[in-house]
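As the structure is a computational prediction, the values presented were derived from the model and not from experiment. Each residue takes its place number in the sequence, starting with 1.
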Amino acid sequence: MSGVPSGVSSGGAGERLGARELGAELGARATLVQFSSAFCQPCRATRRVLADVAALVPGVAHVEIDAEGALELVRALRVDKTPTVLVLDADGRVVRRAAGQPRKADVIAALGAAMSGSAT
């Protein structure tokens, strides 16, 4: 794929991201990746929800990415609005994706699916 950052791979299960693309290490069990922008009110609330969930669930990391500062990655992942949240499994595969402010219960459910290997 042209225009895709070298570490972003796409396959049948979806894109795969690593520490180089995220600027942070993956969680041992799962990673919550949040694309935000500076003046986005829902992004602030999303940050709190994801940070709370990451603190609650062992082995889960929360990584926030400034969408304006990572345009190549934003384009490669087709992020159209902020906040956009990606749930990555332990191998960095995107297993869930949502735009807008998530509910805590939905994030926990998505993590459960990602960590059990039943994510679609």
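- Arg47 meets the side chain to side chain donor-acceptor pair (under 3.5 Å) test with Glu64; sequence neighbours excluded.
- Residues Lys104 and Val53 form a side-chain contact, since some pair of their non-hydrogen atoms from C-beta on lies under 4.5 Å apart.
- Here the CG atom belonging to Leu22 is positioned 5.0 Å from the CD1 atom belonging to Ile65, to the nearest 0.5 angstrom.
- With hydrogens and angles ignored, the 3.5 Å screen pairs a side-chain donor or acceptor of Asp89 with a backbone N or O of Asp91.
- Judged as a side-chain contact (heavy atoms from CB on, under 4.5 Å), and not counting sequence neighbours, the contacts of Ala45 are Arg48, Gln101.
- When all heavy atoms of Pro83 and Cys40 are compared, the pair lying nearest together is CD-SG, 3.7 Å.
- By the side-chain contact (heavy atoms from CB on, under 4.5 Å) test, Val85 is found to be paired with Thr46, Leu50, Pro102, residues two or more places apart in sequence or in another chain being considered.
- Checked against side-chain contact (heavy atoms from CB on, under 4.5 Å), Asp66 has the following partners two or more places apart in sequence or in another chain: Glu68.
- Scored by the side-chain contact (heavy atoms from CB on, under 4.5 Å) test, Val74 finds Phe35, Ala67, Val79 as partners (sequence neighbours excluded).
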Inset, instruction - Verify salt bridge (Lys or Arg N to Asp or Glu O under 4.0 Å) between Arg78 and Glu15, making sure each step is shown before the conclusion. - result: CA-CA 11 Å; Arg78 298 171 306 282; Glu15 294 88 2; 2.8 Å; yes
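- Val33 places none of its side-chain heavy atoms less than 4.5 Å from the side chain of His62.
- Distance check, rounded to the nearest 0.5 Å: CG of Leu88 to CZ of Arg29 gives 15.0 Å.
- Contact annotation: the side chain of Leu17 approaches that of Leu86 to within less than 4.5 Å [non-hydrogen atoms, C-beta and beyond].
- The heavy-atom pair separating Ala113 from Ser116 by the smallest distance is O-OG, 3.1 Å.
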Inset, instruction - Apply side-chain contact (heavy atoms from CB on, under 4.5 Å) to Val57 and Met115, showing your working. - result: CA-CA 11 Å; Val57 183; Met115 292 187 299; 3.8 Å; yes
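- With a 4.5 Å cut-off on side-chain heavy atoms, Val63 and Leu32 do not count as touching.
- The side-chain hydrogen bond (donor to acceptor under 3.5 Å, both in side chains) contacts involving residues 106-115 comprise Arg103-Asp106, where partners must be two or more places apart or lie in separate chains.
- Between Ser36 and Thr82 the shortest heavy-atom distance is C-CG2, 3.7 Å.
- Closest approach of Pro58 and Leu56 over heavy atoms only: CD-O, 3.5 Å.
- Annotation for Ala54 and Ala61: closest pair CB-C, 4.3 Å, computed over non-hydrogen atoms.
- Ion pairing between Arg16 and Glu21 fails under the 4.0 Å rule for side-chain N and carboxylate O.
- Shown here for Glu25 and Ala19, the closest heavy-atom pair between the two residues is OE2-CB, 3.7 Å.
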